[in-house]
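Numbers here are sequence positions counted from 1. Quick note: numbers below take in every heavy atom, side chains included, and nothing from hydrogens, waters or symmetry partners.
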Amino acid sequence: LLCWRAFIGIPGKKCGTIIVKAEELNNCRESVMMQFCGNKLDKKDFFGKSDPFLVFYRSNEDGTFTICHKTEVVKNTLNPVWQAFKIPVRALCNGDYDRTIKIEVYDWDRDGSHDFIGEFSTSYRELSRGQSQFNVYEVSVSCMYRNVSVTLLSFLVDTEVTFLDYIKGGTQINFTVAIDFTASNGNPAQPTSLHYMSPYQLNAYAMALKAVGEIIQDYDSDKMFPALGFGAKLPPDGRVSHEFALNGNPQNPYCAGIDGVMEAYYQSLKSVQLYGPTNFSPVINHVARYAASVKDGSQYFVLLIITDGVISDMAQTKESIVNVRILVLSLIFTAMVELDGDEVRISSRGRYAERDIVQFVPFRDYIDRTGNHILSMARLAKDVLAEIPDQFLSYMRTRGIKPSPAPPPYTPPGQPLQTQI
């Protein structure tokens, strides 16, 4: 597929053209870890040697080449050893083991005008032979230097596993929801409240529950979900609780399906008094106690905290997040961007979270001006759950946990088993 698109700019002036080339990707899930070294490369710097780096090109169906990887620069040497790097086979050759791979060798210059040292070509099939005499490549150069070469030091193939591979292998996703019952949400009897108990439509909290829950429940076999609340005064004595069961049963806070969670939520709204402050750490610690007992990757815990914003126990919450950094747990907040670890890793008292386990979704961005309707339930669910697969895979990789084999497909009684020949 080839597409031209002219820039639209100042009338009467040509502003250039963008050419987009597309190729259907092969369904190849392998990746490869490679390492190279150079030998007697050309000296390009007047006051030194060279600062060499490699540029890898994938050949396209139309005979052109596309850059797919650049190594780091190794300073002031003619015999560099580049760091090992990992690249998907789809990016390298689109799964075609005999497709040409071109590698160019350059001397790095600060002004960007890098000096060309030479080039060579190979293929995935040749590289897969590993370190051998077949993978010592003479670099073609137009200079007096000879015996210039680049050598493959290592070649290790790995098959990329996905989130669904673990799910197919039996890993269970345990979903817990915790809802903010603090007074800052507004009086549930008023239309401006996020907890507004309208007889005609779901309120904002219920819509968020339904949007996310109906997707994530398909990854849980028993569909029994713990549902918690925090920041409310509970009957009969009016004590403030930051960790209470929505169904009123602290020994068994599980609700049957998302419909059960919704029912328990509405019952709690009728019985508790919205109060405060907004403390997150108790519900995080609640789920962490369960997650701490699972270390084999058979279960993964997701805690969704739906809240309107301001947090009262920031220091304690950060401490809780850092403490659960090694657990099979991801946290989703519908507020508090400060807790999102995408840019800066969360820390507490000099300790840092081992991995990013927090996802922040700005809840109010999905609500219309009246506060009564979520603009897109599908978009909210997508954004809320966006980082879960990567957080899950990050935990499994760091622990070296592989997915279990998927069970054989179900065959109804009385039907013959299909056998591959």
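By the salt bridge (Lys or Arg N to Asp or Glu O under 4.0 Å) test, Glu243 is found to be paired with Arg289, residues two or more places apart in sequence or in another chain being considered. In this structure Phe53 satisfies the ring pair (Phe, Tyr, Trp, His ring centres under 6.0 Å) test together with Tyr106, His114, sequence neighbours excluded. By the side chain to side chain donor-acceptor pair (under 3.5 Å) test, Gln316 is found to be paired with no residue, residues two or more places apart in sequence or in another chain being considered. Taking the salt bridge (Lys or Arg N to Asp or Glu O under 4.0 Å) definition, one finds that Asp98 meets it with Arg125, sequence neighbours left out. Scored by the salt bridge (Lys or Arg N to Asp or Glu O under 4.0 Å) test, Lys210 finds Glu214 as partners (sequence neighbours excluded). For Tyr57, there are no ring pair (Phe, Tyr, Trp, His ring centres under 6.0 Å) partners two or more places apart in sequence or in a different chain. For the side chain to side chain donor-acceptor pair (under 3.5 Å) test, no residue two or more places apart in sequence or in another chain qualifies with Asp109. Partners of Asp220 under the side chain to side chain donor-acceptor pair (under 3.5 Å) rule, at least two apart in sequence or in another chain, do not exist in this structure. Scored by the salt bridge (Lys or Arg N to Asp or Glu O under 4.0 Å) test, Glu72 finds no partners at all (sequence neighbours excluded). Applying the ring pair (Phe, Tyr, Trp, His ring centres under 6.0 Å) test to Phe85 and every residue at least two apart in sequence or in another chain returns Phe56, His69. Partners of Tyr97 by side chain to side chain donor-acceptor pair (under 3.5 Å), not counting sequence neighbours, listed by chain and number: Glu30.
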If you apply the rule side chain to side chain donor-acceptor pair (under 3.5 Å), what do you find for Ser330 with Tyr395, and how did you get there?
CA-CA 10 Å; Ser330 287; Tyr395 177 87; over 6 Å; no

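Atom CZ of residue Phe280 and atom CG of residue Asp180 lie 6.5 Å apart, to the nearest 0.5 angstrom.
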Residues 155-162, side-chain donor-acceptor partners within the protein, below 3.5 Å, at least two apart:
from, atom 1, to, atom 2, distance (Å)
Glu160, OE2, Ser31, OG, 2.9
Thr162, OG1, Leu164, N, 3.4
Thr162, OG1, Asp165, N, 3.3
Thr162, OG1, Asp165, OD2, 3.3

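Taking all atoms of both residues into account, the shortest heavy-atom contact from Leu228 to Pro253 is CD2-CB, 4.2 Å.
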